[in-house]
Amino acid sequence: MPRMLVTGGAGFIGANFVEYTVRNHPQYDVEVLDALTYAGNRANLAPVVEVVPFHHGDVCDRELVDRLVSRADVVVHFAAESHVDNSLDDPEPFVRSNLIGTFTLLEAVRRHGCRLHHISTDEVYGHLPLDGPDRFTETAPYDPSSPYSATKAGSDMLVRAWVRSYGVAATLSNCANNYGPYQHVEKFIPRQITNILRGERPKLYGSGTNVREWTHVDDHNAAVHAILDRGRLGETYLIGSGDERSNAELLAMILSLLEQPADAYDRVPDRPGHDLRYANDTTKIRSELGWRPRYDDLRAGLAATIAWYRSNEWWWDAAKKAAEARYQTLGR
Ligand code: NAD
Ligand code: DAU
């Protein structure tokens with residue numbers, strides 16, 4: 001059985017990936033490495049706790065990473081600091097985990113000749129005008145705006161350089177915004193849902209016209225498996241649903257699903273350097289690997305996500321208090 005190490009496997013996308021892999025790709029023997037930062041939670045792995053060994057540790061820990069990589073055939077690297085607002089407030093952990101962490105992993109992968117898939121974001125390409133047909137492609141120039149996206153851009157560059165200079169067997173993917181169960185309550189969709197469930201008003205940054213391309217987490221993870229199975233080494237693949245929505249439009253959908261008046265939200269000060277629009281051209285992964293999103297009804301996906309947060313208040317209660325306390329200090 002090929003042995004797979006998943007870094008960041010106790011976070012939102014990583015935990016969904018581990019469960020997706022156990023369910024749909026049982027040929028893999030999966031292990032998780034995760035530092036359990038404020039964003040990681042062992043409970044996210046409860047459905048697979050019997051079959052997936054968990055290693056509590058830092059991806060910057062050279063000895064630990066070396067030991068785990070030495071017995072893996074493939075590493076899927078999700079571990080990162082992931083929230084733009086936090087990066088604006090305190091960039092240091094982003095530089096450490098996203099850059100030093102990826103460097104540490106790459107060196108272990110190089111020593112042991114292991115296959116790597118690096119998970120990244122469309123934010124590395126900067127942003128697009130609000131109106132217009134443009135989309136990011138795999139060859140778009142890098143132009144990150146925030147400390148988060150700058151460190152993810154740097155981590156991508158490290159992976160590309162290790163492929164070119166050392167022949168490391170790696171692929172990369174840059175996905176659009178994800179949604180689904182287990183997403184931390186600091187992020188847009190869970191923040192608004194849990195605000196409403198708590199009787200608080202949702203918070204919309206600035207004009208609310210900024211656009212994101214919402215992709216279900218299982219579609220992202222299916223794309224990662226398509227790349228692991230059939231992707232060309234050294235290549236980058238963009239992933240996204242094609243479903244673009246302004247923040248105001250998405251909030252209106254959440255309000256209506258939760259039977260709230262359309263104006264029952266607060267406008268709060270904008271995020272500094274707020275990227276206007278992200279949109280990925282997914283022609284390459286569709287035509288080369290035959291991947292396509294299965295979740296093509298955002299309203300239905302949101303309804304299922306709302307149902308998950310409604311049923312799992314125990315999971316988000318403590319994190320919600322901490323996240324809202326942080327937002328209060330940021331004035332958002
Ligand atoms: P998340 O914040 O929910 O989870 C990150 C996980 O990484 C947590 O479990 C955390 O404990 C762990 N981690 C952080 N620093 C670590 C370190 N130094 N060592 C070991 N573990 C560490 O993030 P997410 O939303 O699941 O994102 C996962 C990956 O996907 C990230 O690389 C992110 O850049 C990328 N991504 C996210 C999205 C999105 O919409 N959320 C979209 C595209 C790409
Ligand atoms: O595009 C992929 C990226 O998507 C990932 O790389 C990041 O890890 C992930 O966090 C996400 O980044 P965003 O900044 O787009 O996501 P966030 O959920 O923080 O915000 C989505 C949009 O909603 C953004 O335009 C800011 C806005 N927003 C956010 C919050 C938390 C609000 O209007 N109100 C809010 O309360």
Side-chain angles (χ1 to χ4, degrees), residues 3-22 24-25 28 30-45 48 52-61 64-65 68-69 72 74-84 86-87 93-94 96-106 108-109 114-124 148-149 151-156 158-159 170-184 186-187 215-228 231 236-239:
R3 288 154 306 176
M4 174 188 280
L5 176 66
V6 179
T7 74
F12 161 48
I13 307 175
N16 277 286
F17 177 80
V18 169
E19 196 184 336
Y20 184 94
T21 303
V22 169
N24 299 298
H25 299 268
Y28 287 108
V30 184
E31 297 193 4
V32 165
L33 168 65
D34 197 294
L36 297 180
T37 67
Y38 79 96
N41 187 343
R42 280 205 72 169
N44 299 0
L45 291 166
V48 293
V52 175
F54 180 82
H55 305 278
H56 182 195
D58 195 319
V59 75
C60 303
D61 179 338
L64 173 63
V65 168
L68 296 177
V69 170
V74 54
V75 179
V76 185
H77 179 36
F78 290 92
E81 288 290 339
S82 69
H83 194 43
V84 173
N86 292 345
S87 81
F94 289 76
R96 203 179 154 278
S97 292
N98 301 1
L99 287 170
I100 309 292
T102 302
F103 162 74
T104 307
L105 191 62
L106 278 167
V109 160
C114 186
R115 164 90 156 89
L116 171 69
H117 181 72
H118 176 66
I119 302 291
S120 193
T121 167
D122 56 0
E123 297 195 18
V124 300
Y148 162 67
S149 52
T151 57
K152 290 299 290 187
S155 70
D156 291 11
L158 290 173
V159 177
T171 41
L172 302 90
S173 54
N174 297 73
C175 189
N177 286 63
N178 284 211
Y179 73 95
Y182 299 108
Q183 186 166 33
H184 195 278
E186 69 195 353
K187 304 295 198 298
T215 305
H216 194 277
V217 65
D218 280 352
D219 279 333
H220 181 180
N221 288 330
V224 172
H225 271 287
I227 298 166
L228 287 171
T236 293
Y237 295 88
L238 295 191
I239 304 166

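Since this is a predicted model, take the numbers as computed values, not measurements. All heavy atoms count here, side chains included; hydrogens, waters and symmetry mates do not.
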Determine whether a donor-acceptor pair (N or O, by modelled atom type, separation under 3.5 Å) exists between the side chain of T215 and the backbone of A176.
no
Any donor-acceptor N/O pair, K152 side chain to D122 backbone, under 3.5 Å:
no
T151: which of T102, D156, N98 passes side chain to side chain donor-acceptor pair (under 3.5 Å)
N98
Here the gap from D61 atom CG to I100 atom CD1, rounded to the nearest 0.5 Å, amounts to 13.5 Å
Is there a side-chain contact between V74 and Y28 in this structure, where contact means two heavy atoms from C-beta onward sitting under 4.5 Å apart?
yes
Look at the side chain of H55 and the backbone N and O of V32, then say whether any donor-acceptor pair between them is shorter than 3.5 Å.
no
I119 and H77: CA distance, side-chain angles, deciding distance, side-chain contact (heavy atoms from CB on, under 4.5 Å) verdict:
CA-CA 6 Å; I119 302 291; H77 179 36; 5.6 Å; no
Measure the CG-CG distance between L105 and L158 for me, rounded to the nearest 0.5 Å.
11.0 Å
Can you measure from CG (N221) to NE2 (H216) and round to the nearest 0.5 angstrom?
10.0 Å
Compile the donor-acceptor pairs under 3.5 Å between side chains in residues 11-21 and protein atoms, sequence neighbours left out, one pair per line.
residue	atom	partner	partner atom	Å
N16	ND2	F12	O	2.9
N16	ND2	P181	O	3.0
T21	OG1	F17	O	2.7
T21	OG1	H225	NE2	2.8

Nearest heavy atoms of I239 and A223, plus distance in Å:
CD1-CB, 3.6 Å
V84 and E123, any side-chain heavy atoms less than 4.5 Å apart:
yes
What are the two closest heavy atoms between V59 and S97, and how far apart are they?
CG1-O, 4.2 Å
Hey, could you give me the CZ/NE2 distance between F78 and H117, rounded to the nearest 0.5 Å?
7.0 Å
What is the minimum heavy-atom distance between C175 and N178, and which atoms define it?
SG-ND2, 3.4 Å
Euclidean distance, R96 CZ relative to F103 CZ, rounded to 0.5 Å
13.5 Å
Could you tell me if the side chain of V30 sits less than 4.5 Å from the side chain of H25, heavy atoms only?
no
Correct closest heavy-atom pair for L45 and G9 would be CD2-O, 3.3 Å
Say whether E186 and N86, considering side chains only, have a donor N or O and an acceptor N or O under 3.5 Å apart.
yes
Are the side chains of K187 and Y179 in contact, using a 4.5 Å heavy-atom criterion?
no
Rounded at 0.5 Å granularity, tell me how far CD1 in I227 sits from CG in L172.
9.0 Å
Quick check: closest heavy atoms across V159 and A170, and the distance to 0.1 Å?
CG1-CB, 3.8 Å
Minimum-distance pair of heavy atoms, taken over all atoms of F54 and A10:
CE1-CB, 4.1 Å
